[in-house]
Amino acid sequence: MFKRILIANRGLIQANCVRAVKELGATAITVYEGDDRDSAGVRNADEAYELKQTDPRVRPYLDLEQIVALAEELKVDAVHPGYGFLSQNGKFARELERRGIKLIAPRVDGRFNLSNKHEVKEAAVRAGLPVLKGSDVFSDRERLEPAARNLNFPLVMKAAHGYGGVGMTVIKDMRRLESAFEHVQSTCAKFFMNSPEVFLEEYLPAPRHIEFPVLRDEAGRTTVFPELECPLQRRFQKLVLESPSPFIDADLRTKLQSEIRVLCERLGIFGFASVEFLISEGKPYFLEINGYIQPSHTATSLLTGVDLLKEQIRLLSGEPLEIKQVSPAEQRHVINTYIYAEDPETDFTPSPGQVDRLYLPFGEEVVLQTSIFSGARISPFYDPMVAKLLVRGRTRNEAILKMGIALEEFFVEGVKTNIPMMRGVMKSEAFRNGTLSPEHMKDPEKRQAFIESLKSTKDYEIAALVASLALHRDGETLKRMEVMENESDSKSVMGAAARWLKPRKSRRSR
Amino acid sequence: MKYSVYCDKKHSVSIDRKTDTGKPFDITVNKSHHDVAIRKVKEDGTIMTLLVDHKVVPIEVERRGDGMPVRVILKGVPFDVEIAKVASTRFRPQAPERDVSGQVHANLPGQIVELLVRVGESVEAGSPLGILDAMKMENEILSPKAGTVKSITVAQDDILAKGDLILEIE
């Protein structure tokens, strides 16, 4: 096992890596920028180092040179990049390798780089997996039109080295090609992707999104875990996750799991990987493999009891895989909601600010992982995901009910969050019968409808009561001031206070 | 005190007791009684938590510039409200003094035809300050409050966009 591990990330994944490293008996070292100094990961780490802002255009967590230099100076054995930031950066991996430091990411294996979506897709085709029709990769504007001509609109343009939905754009027709190209290219530059290459793929309007977590050791021992389904996203990022998928039967699951085994073997994957599929009208299409740890690892851990994050670190340190087989757990269903500090009413604009009050949910098989606390400041610079809330029930219906209650108990004041909207989602018929689509989140009226569905007749009465009470108290305050002022001639303390508190305006006008 | 509040529909709320923190009191909404107690307040007296019929309710109230509540947030769920009427049997709270801005902006895009005041001139609330030619009509620009003209940022014949500052009254 590694002895000293540097965690180069922030937020929930930072805190989770710190936890996993400590549980593995190694020293958890982490970095942070000034505003994050109070975060859970920094608090809990064995050592924490502040990053300097050397270039105003580069957020410190993307400052490759500084982090590499720090890793060398601190004599760490390995760096955990988490997800996002430098997790897919080829140069970062090479620079660390040159210094004899391991990056906890899938091994490139001389043949494939998992961050190259298109190469992986071709490997999947050779392994016999069904894929979506698409174009070759290119980075010249001239190849845009020829690439699109053989495909059916709508299309989705993807950065070959994109991740987590970054650098993906849906294109409705030929006229939007150029602007989409420019958008994706500028995103590539902004997020320091390995190259500005893109490719096109036909876009399925309302697919189911399924992912299978995989663990594989150096000797080729492989475990493919039960799938997770993401029924709801906004801007290609997850809002809800459940596992197992209620819409996949045992036959399809077994078939896909064995195909994934073959693909992972061919790619020589070592460590953790997440193999993703789109399912449309019952047919699966291979989408991509992500080699970085997924935010969904906690859901798998609650479903199966296997801590994927810990296993990933263990495997990449060269230890063997010990988990043989994980069958889809009987009588277990996990639902996971992602809580963002953003306002669904205003198209999910981030809601930076300070958390004034925080009440946490309580329950059996209710798990909350959060980076916020009362008084925490939400940074406007980063992904505003502030919590993962998970529940496990014996059935899907039980889990939905549990999640609804947990969300109702979870109260954050000071910043806007999607908690009320997610409560509405849990209550909705569309979520229950599995007909939610990404379109639900794009339509402001439908988003509003989720929130409206929470309001009972009694709630409206209480709202009216609260408004009246607030006004009533203003009146009482004014009356109290008057009384005090009348006493201002006497020598009472109240009178003195009233004289002092009263606005000076009137005195000046005299 | 009786309050008429529009929310989903019109509600009549009546509060007849003092509302000291900690002591329960009765509030009637549409003739049904509710036990209410104030559980937690901020330093300035703003209510943070209520007990309504023995259920804990964390609340937030958003107010308009003049102090009128316009939105009540119950556990993160927003309710738009409008206080339609306040009637008192005992005392009427003074309407909080409106802090009217002295800045006069163009409410339509158009052209300044004429300015009727100069810097330093005193004006009454509602007196004409100038004329804006917009939407093929000459519109009088009226003073939002009494005071003196502090500054004028436009000249005759200037073409303005909606929201441009015309002058300021102090």
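Chain letters run A, B, ... following the sequence lines, proteins first and then strands; every chain starts at 1.
- Heavy atoms closer than 4.5 Å to chain A are found in both the backbone and the side chain of B:I59.
- Only the side chain of B:I38 comes within less than 4.5 Å of a heavy atom in chain A; its backbone stays farther off.
- Of all the listed residues (A:L465, A:L454, A:I451), the one sharing the greatest number of non-hydrogen pairs under 4.5 Å with chain B is A:L465.
- Of the atoms belonging to B:S32, it is side-chain heavy atoms, and not backbone ones, that fall under 4.5 Å from chain A.
- Note: B:M48 leads B:K9, B:H34, B:M48 in heavy-atom pairs under 4.5 Å with chain A.
- Scanning both residues, B:V81 and A:A463, for their nearest heavy atoms gives CG1-O, 4.3 Å.
- Atom NZ of B:K10 has 12 or fewer heavy atoms from other residues, nucleotides or ligands within 6.0 Å.
- Side-chain contact between A:L471 and B:P69 is present, with at least one heavy-atom pair separated by less than 4.5 Å.
- In this structure, the side chain of B:K75 engages the main chain of A:E408 through a donor-acceptor pair within 3.5 Å.
- Using a distance-only test at 3.5 Å, with no hydrogens or angles considered, no donor-acceptor pair links the side chain of A:R473 to the main chain of B:T46.
- Using a 4.5 Å cut-off between heavy atoms, B:V41 touches chain A through its side chain atoms alone.
- The side-chain heavy atoms of B:D53 and A:I462, taken from C-beta on, include no pair separated by under 4.5 Å.
- Considering every non-hydrogen atom in both B:V5 and A:A467, the closest pair reads CG1-CB, 4.5 Å.
- In this structure, the separation between NE2 on B:H11 and OG on A:S468 is 9.5 Å, given to the nearest 0.5 Å.
- Pairing each heavy atom of A:A464 with each of B:V13, the nearest pair is O-CG2, 3.9 Å.
- Of the listed residues (B:V36, B:V70, B:V72), the greatest number of heavy-atom pairs within a distance under 4.5 Å of chain A belongs to B:V72.
- Both the backbone and the side chain of A:Y460 come within contact range of chain B, with heavy atoms under 4.5 Å apart.
- The contact between B:I15 and chain A is made by backbone and side chain atoms together, counting heavy-atom distances below 4.5 Å.
- Closest of all the heavy-atom pairs between B:G76 and A:F411 is N-CE1, 3.9 Å.
- Using a 4.5 Å cut-off between non-hydrogen atoms, the part of residues 356-377 of chain A that approaches chain B consists of A:R357, A:Y359.
- Inter-residue side-chain proximity for A:H472 and B:V86 is flagged as unmet; no heavy-atom pair is nearer than 4.5 Å.
- Ranked by heavy-atom pairs under 4.5 Å with chain B, the first of A:V412, A:T457, A:T417, A:D459 is A:D459.
- Smallest separation of non-hydrogen atoms from A:D474 and B:G67: OD2-O, 4.3 Å.
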Verdict with reasoning, A:K455 to B:D8, per salt bridge (Lys or Arg N to Asp or Glu O under 4.0 Å): CA-CA 10 Å; A:K455 301 178 177 177; B:D8 54 331; over 6 Å; no

